[in-house]
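One structure below.
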Amino acid sequence: MKAIINGKIILDDQILTGQVLLYNETIEKIIPDTFFSANSADLVIDAEGKYVSAGFINLHIHGCHGFDAMDDTPEALDTIREGMAQSGVTAFLPTTMTYDFPTIYRSFDQIRAAMGKKMGAKILGCHVEGPFISEVYKGAQSSKYIITPDFSYLEPYKDIIKIVTIAPEKLVDDTFMKECKKNHIVVSMGHSSATYEEAMAAIAAGVGQVTHLFNGLQPLHHRRPSVVGAALDTAVTCEIIADNVHVHPAMQRLVYKIKGKDQLILITDSMRACMLPDGESELGGQVVIVKDQIATLRDGTIAGSVLTMNEAIRRFWLNTGVPLQDVIRLATINPAKELMIYDKMGSIAVGKEANLTFFDDNIFISQTIVEGHVVYQKD
Ligand SMILES: [Zn+2]
């Protein structure tokens, strides 16, 4: 049995002190520190007063440290999962973009092979962001390979696909939605020009999520509420990029007032330039310029972010002023529930995987543990 002492343990709705967290590959027990004897443990980690939370889960991330999930090399995912661990993420969905399917399939093959490896953060499967999107709201995705939603393209990889982003106005019949439901794939609306009415119909048909709320969607207009209006008017879960570039702090506060602590998920949507200095980079085959840690295409379109999950938490916490445990929830409990794996991870509870993250008041990550094994330790 291993033990973590002197931590501020973040549970669903409270932060515990004076307790010891006991774990192996799963969480075994939380006991008062007065009941704990160091001799009884194989390993004692002193958290030195830092927070200890369930590991963060990132449902939408393209890359970091110079690599992208679509680079057709095992080194890419190996490097990205190390980067995830450094930012407190213990499980994630590498996210593919709009490309031709032979290229996307090579990326799926790399993801499937990487899922079996034990290193860094866990790869839970993938998020397919494109090519089933809108030409009008493609954002930083290339329009060349955009097509109508067609499940037959996903069929050979349905075991690893966990989320697919679509523009629901492009659905031709109900086959796509039915197949996704049958295969437990979350359908997320994004990069879409859908009207409020189209978005409400999509939610009624089973769309359960909105991809990076506000970005890649028609702006909220009081007479044309669009997908954003539908997202705020229903209980659908929303991804949000809390880097203060993609979504203004005031909008983060407003959204939290409406969606609360259960319907928002922090994502990074980060690209290969994440965790690197400013300079020229690439996303979805297009040149991206990173200046002052803001990533744009040459024409000024905001490209993916260079945000890390711990920084997203820090900013959202500062922007909203809500209790820390409620912000952590947006990066742990909510994404785990979205993927229907909350019985295995997403919170510190007996029997769940010992996926843990240590950080201070600035949300600087000092240590990350996956299934009981330290995968990152700050020097
Ligand atoms: Zn993305």
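Just so you know, residue 1 is the first one in the sequence shown, and it goes up from there. Counting starts at 1 for both ligands and their atoms, following the listed order.
Ring orientation note: the planes of F101 and Y153 are close to parallel, at an angle under 30° on the 30°/60° scale. Ring planes of F108 and Y157: tilted class, angle from 30 to 60°.
Not one N/O/S atom of H127, from backbone or side chain, sits under 2.8 Å from the Zn ion (ligand 1). Inclusion of H62 in the first shell of the Zn ion (ligand 1) is supported: an N, O or S atom falls under 2.8 Å.
At least one side-chain heavy atom of D269 sits under 4.5 Å from a side-chain heavy atom of H62.
At least one cation-pi condition fails for K378 and F359: the charged atom is not both under 6.0 angstrom from the six-membered ring centre and inside a 45 degree cone around its axis.
D269 has its closest N, O or S atom to the Zn ion (ligand 1) at the position named OD1. Within E129, OE1 is the N, O or S atom that lies nearest to the Zn ion (ligand 1).
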